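Worksheet for the structure shown next.
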Amino acid sequence: MHSGGLAYILGRQKTYIITLDIEMTKEHYNFDTIEKKWQDYWLTNKTFKTEDFGDKPKYYALDMFPYPSGAGLHVGHPEGYTATDIICRYKRMRGFNVLHPMGWDAFGMPAENAAIENGTHPGKWTYENIESMRVQLKRIGLSYDWSREFATCDSDYSHWEQLIFLRMLEKNLAYKKTSNVNWCNDCQTVLANEQVEDGCCWRCNNPVEQKELDQWFFRITEYADELLNETENLKGWPEKVLAMQRNWIGKSYGCEIDFSVKGSAAKIKVFTTRPDTLYGATFMSLAPEHPLVGTLVSAEQRAEVELFCAEVSRQNKLDRTSGELEKKGVFTGAYCLNPLTGQEIPVFLANFVLMDYGTGAVMAVPAHDQRDFEFAQKYQLDIQVVIQPEGASLDPQTMQTAMTGTGVLVNSGDFNGISNEDAKERIASYLDAEQLGCKSINYRLRDWGVSRQRYWGTPIPIIYCDSCGTVPVPEKDLPVKLPMDVEITGEGGSPLARHQEFLTVACPCCGAPARRESDTFDTFVESSWYFARYASPEYDQAPLDADAANYWLPVDQYIGGIEHAVMHLLYARFFTKVLRDLGMVKASEPFTNLLTQGMVCMESQRCSEHGWLYPEEVRDGKCVTCGRAAELGRTEKMSKSKKNVVDPNALIERYGADTARLFSLFAAPPEKDLEWNEQGVEGCYRFLNRVWRAVHDNLGLIESSPEVASLTGTTSDLRCKTHETIKKVSADVDGRFHFNTAIASVMELVNVIYGLKKGQEQPAVLREAIETVVRLLAPFVPHICEELWQRLGHEGGIERQGWPSWDEAAMVKSEIEMVVQVNGKLRSKVKVAIDIDNAELEKIALAEPNVARFIEGKQIRKVICVAGRLVNIVVAG
RNA sequence: GCGAGAGUGGCGGAGUUGGUAGACGCGCUGGUCUUAGGAACCAGUAUCUUAUGAUGUGGGGGUUCGAGUCCCCCCUCUCGCACCA
C-alpha cells in the first residue's frame, strides 16, 4: 500500500468521523448510515455474485428457503440465515468459491386462504410477500447471490418440475392408485392429517371421512433400502435426524404367512416379526378396510360388522393411530386355520389394525403381545403360552400382562425346547419349505402421495382421454401453466376442477376432446430439488445444467429447522437419487453436512385482565393498559398466540443489523434453542460500540505505524493474545460452528486492548491487534467491520484482504504458569521456564511453601508432570 | 413403551484428547468521571468460612495420581416416533 494513499484516506475519513460524531450522539456509532452504505457498496460492486467453476475450491452453503408468508420474516429466520452467512463470508475470506443462494418456497395453502379471505389472487399475494421479505432479508446484510433467486411458483420452475415428473413416469417411479384420504364433503377436498382437528374439518368443522381417491404416487419405497443404508454414511448429519429417518423408514424383518379360511378358498396373508409365536396364534385381527371382509363375514354377523366398519371409517387417521384409542373389535363369523396346528381360530376385525401397514392382517398371539392380550381379555378369547421365560412358568389363567421377552418354546410341536430367537429362523424356514409362507421384509415407509386438490401448486402434467387413457403432456407443451382467472371460494373442491378452459384439451395422441388432470403437486415436491436448480437457475434446456450441477452439488452445508428432519430431508434425498438415476446429476446425496438450528424462545407474559401481552405492552413489569402486574409465563417457542415475539424490523431499527446478527449467535450455539433476552442484545450493542471506540481512540497511534508486516515473533502479551485469538476463532468457526465462543474470544482480545496502559502501547502491535479484531469480526458483523476497515486506511472491501493467519512464533512464551497439586488438589501456582525439565520442575514445586505444608511429614509416592499444565505430587496417608 | 439429546453460579452459556470448573456476556455490588446517569471506564461477584481451608458440575457407585469429561445404576427434563403386527 502507498503511504500517500493511506494519508489521503485517513484524512478524508477524519472529516467524516467528525460529522458522524455530531449526528450520532456522543456514545454510539451510527449503524443506520453505515449499514446502508455498505449494503449499497456490496450491491454496486456485485461483491457476492458467484461464478460457476474456477480454480478455487467450491463451497455450497444453503439455507432452507422460506415460505413467503403474509406475516413476513420472524425472528427465528435470521438466526439460521446469519449462521450460514458467517460460514459463507468466512469461506470466501479463506479463498473458496462460495455459492450462497436464496429463493422462495412459494406454493402452498396460505396463499389460497388469503384469496378466500380477502379475494387477493394467490399469485399477487405471494409475489408481494416476496417483495417485502426480500427487503427484510437485505436489511440483515446477508451475502446472497441474489442473481440466482427464483420462486417455485415461477412457471419456469414448474416447467422443469413437470419434466422431471414425466421422466419419472417413464421409469415407473410415478404411478396412480386409489388410496384412503381424509375427505371433507362440505369443502369437497382432501385434507392433510394436520388439517383435521378432533376428527373435523379445520375450516368448516364438518366431520372428516375416509375416502378412496385416485392419487398420484412417487415410488419412494423403491429407494427405501438405499435411503436407509446411506444414513450410515451421512457423517455430517446430526444423529438425531438420522435416527428419525431410520425410524420413519421402519425396516423390519419377519415373514408372511398364509392362513386358509375354513370353508373357503380364500387365504389371509399376515406379516409378522414373530414367527416364533405362531403356535400361540389363537385368533386373527383384520383391518376393517381389509378387502376380504365382505366375503368372510357371516350372515348373522353382517349387521354388527357393518356398524363397526362405519364407526371406524368416521375416525380420521390421526385418532386411529393414537395410543388413546380404545381397542375395539367385532367377530366376523369366519374361522381360519393355524397353518401349523390346524386349529380353528376366529377372525375378528380390530380398529387398531391398519390397512396400510404390512398386509392389513395380524395373527394375534395374546400370550406374547400386549395389544392382543388386552383384546383377548375383552372378548374372552383363548390365550396360549408358547414361550416360557427362564426360571418361570406362565399360566394363561393368572397372567396380568403379555410376556414379550425371550425364553424357550413350549406347546410348539417339534420346536419345543428351542430358544425363541432361534425359533424365528427355524419356523420361518419350515414355513418356506412347506410353502405356507415366506421370509419377508416390511417397511413402515409408504409411497409418497403427491396429488393435492388445490389451485396454488404445480399442475400435474397429465391428460385423460376416453380412448387413449392416461396420457402425459408432451414435452413440447410444457409448462402446463396455472390459469390466472380463477375464482377461489374455498368451496366446491379445487378451482382447477371447475375451470373449463383449463380442463378442456385435445388428446395429444388422438386429438379427441380430453380432460386435464386438475390436481397439483404436494408442495414438498418443489423443495425436493430446488437446491440443485440454484446451480443453473436460468438454464432453459433441462431441469439442470449438468456441468454446473455436478460442479456445485452436493450442498456442503445445509441449515434449517429440525421440524423438517423427516419429510423434507427424506424427500430431498429421494429426489437426488431419482435425478441421479435419470442421469441428470452425479451426486447420490444432496447435503453433505446438516445443521439443525434450535428454536427461538422467549418468556411469555400475561395480564389477568388483558390476556397475553406483547413485550411492548409491558412496562416496569406492569400491563400498560391497566397497570396490573404482568405474570411471567414459561420460556417457550416464540408464537403469535402467546405474543412472546420480537419483530426483527423493530430490533434492527433500534440496534442495527450487526447487533441483531451478533446476539443471535452469541447467546447460544445455533443448534440449541435460543432464549431471547433484551439485555443480552444490549450487551452485544455495547460490545460493538467498544470495538468502534477501540479503533477511533487509537487511530492516531495506529496511523504512525502502518507496518504490521514487519512484526515477528513474541514482542508482547498483546501480540501473543492477538495470534491466540486468530487461532481460536478459526477453529471455532471452521466446521464446529461454535460462534458463541469465537465471539467470546474476540471480546477477550478487546478487553486486553482496553487494559493497555496509556503511553506504553507499541503502535505496530496495537495496530495488528485492532485490525485483527476487525477482520475476525467481519463475518459476524460485516457492516461495521467494512466501515472500520476503511477508516483504518484500507481499500477494496474487507473480504478481499482474506482471513488472518496466526503466527505460532508470536505465541511462544518463555515463561508459563503451572499448577501444583498435592493428591490432585490445587495448592499453588508457579511461573517456570517453558522448556523446564521434570526434575527441575519437581524441585520448584516441592519448594513452594503451601506445597511444603501439605506434604510435611508424609511420604512422596510419586510425582506426575504434565507438560505445560501441572505437576501433581502424590503423597501417602 | 421405543429412539435421540440434555442436566454446570442469580441467568444465557464456556470447558477439543481425563489435567487450574465457571471463559465470555447478562444481572448484581462498589468505585471513577459527571449537573445528572438508565452513558462510559475500572474493580468485585459459585457456596460455606477466621482461611494459604472445606465443599461444589441432577443423585449414587466405580476406574484413575487426577473425572463436568470415561464405565455402571438411578432421577428429572426436552425433542421425535408410537396400537407398526
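In this text, all values refer to a predicted model and were calculated from it rather than measured experimentally. Numbers restart at 1 for each chain; the letters A, B, ... are given by sequence-line order, proteins then strands.
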Base of [N] paired with side chain of [X] (donor-acceptor, under 3.5 Å):
X	N	result
A:Lys862	B:rC65	no
A:Arg869	B:rU20	no
A:Asn247	B:rC81	no

[N] to [M] separation - [atom1] atoms, rounded to the nearest Å:
N	M	atom1	value
B:rA43	B:rU76	P	45 Å
B:rG38	B:rC28	P	10 Å
B:rG13	B:rG18	C1'	22 Å
B:rA82	B:rC11	C1'	36 Å
B:rU57	B:rU69	P	9 Å
B:rG1	B:rG12	C1'	35 Å
B:rU49	B:rC42	C1'	28 Å
B:rG58	B:rA67	P	15 Å

Between [Y] and [X], do the side chains contain a donor N or O and an acceptor N or O under 3.5 Å apart?
X	Y	value
A:Asp658	A:Tyr685	no
A:Arg246	A:Thr231	yes
A:Asn751	A:Arg690	yes
A:Asp447	A:Thr221	yes

Taking the minimum atom-to-atom distance to the side chain of [X], which one of [options] wins?
X	options	answer
A:Phe854	B:rG53, B:rC83, B:rC41	B:rG53
A:Met747	B:rA85, B:rG3, B:rG25	B:rG25
A:Glu817	B:rA85, B:rU20, B:rA54	B:rU20
A:Met244	B:rG80, B:rA54, B:rC81	B:rG80
A:Thr272	B:rA54, B:rA85, B:rC65	B:rA85
A:Ala667	B:rC42, B:rG12, B:rG3	B:rG12
A:Arg853	B:rG13, B:rU52, B:rU55	B:rU52
A:Val362	B:rA14, B:rA85, B:rU20	B:rA85
A:Lys240	B:rC79, B:rG12, B:rC83	B:rC79
A:Ile864	B:rC84, B:rC65, B:rC24	B:rC65

Rounded distance (Å) that lies between atom [atom2] of [N] and atom [atom1] of [X]:
X	N	atom1	atom2	result
A:Glu239	B:rG80	CD	P	18 Å
A:His738	B:rU16	NE2	P	10 Å
A:Ile743	B:rC24	CD1	P	15 Å
A:Asn698	B:rC41	CG	P	14 Å
A:Tyr685	B:rC24	OH	P	24 Å
A:Glu748	B:rG22	CD	P	12 Å
A:Phe780	B:rG25	CZ	C1'	15 Å
A:Ile873	B:rG19	CD1	P	20 Å

Work out which heavy atom in A:Tyr443 is nearest to a heavy atom in A:Tyr357; give both atom names and the distance.
O-CE1, 3.9 Å
State whether [X] places a side-chain N or O below 4.0 Å from either non-bridging phosphate oxygen (OP1 or OP2) of [N].
X	N	value
A:Arg827	B:rA54	yes
A:Arg690	B:rC41	yes
A:Asn689	B:rA39	no
A:Lys672	B:rG12	no
A:Arg736	B:rG15	yes

Classify the ring geometry between A:Tyr29 and A:Phe31 as parallel (under 30°), tilted (30 to 60°) or perpendicular (over 60°).
perpendicular
When all nucleic acid strands are considered with a 4.0 Å heavy-atom cut-off, which category describes [X]: base, sugar-phosphate, or nothing?
X	answer
A:Lys829	base
A:Phe687	nothing
A:Val874	sugar-phosphate
A:Pro669	sugar-phosphate
A:Gln370	nothing
A:Asp372	nothing
A:Asn740	sugar-phosphate

Between atom CG of A:Leu594 and atom NZ of A:Lys240, what is the distance when rounded to the nearest 0.5 Å?
12.0 Å
Evaluation steps, side chain to side chain contact (heavy atoms under 4.5 Å, CB included), between A:Val270 and A:Asp258:
CA-CA 7 Å; A:Val270 303; A:Asp258 290 322; over 6 Å; no
Mind checking who [N] pairs with, Watson-Crick or G-U wobble, both distances under 3.5 Å?
N	value
B:rC70	B:rG62
B:rA4	B:rU78
B:rU32	B:rA40

Indicate yes or no: does [X] engage [Y] in a salt bridge with an N to O separation below 4.0 Å.
X	Y	result
A:Lys813	A:Glu724	yes
A:Glu748	A:Lys721	yes
A:Asp732	A:Arg736	yes

Would you tabulate the nitrogen or oxygen pairs shorter than 3.5 Å linking the protein to nucleotides 27-32 of chain B?
| unit_1 | atom_1 | unit_2 | atom_2 | d |
| --- | --- | --- | --- | --- |
| B:rG27 | OP2 | A:Arg686 | NH2 | 3.2 |

Nearest-nucleotide 5' precedence on RNA chain B, A:Thr741 against A:Arg274
A:Thr741
I want to confirm an ordering. Mapping A:Gly755 and A:Cys684 to their closest nucleotides on RNA chain B, which one lands closer to the 5' end?
A:Cys684
B:rG9, syn or anti by chi within 90 degrees of zero
syn
Is the number of heavy atoms from other residues, nucleotides or ligands within 6.0 Å of NZ (A:Lys328) greater than 12?
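Count not over threshold, so no.
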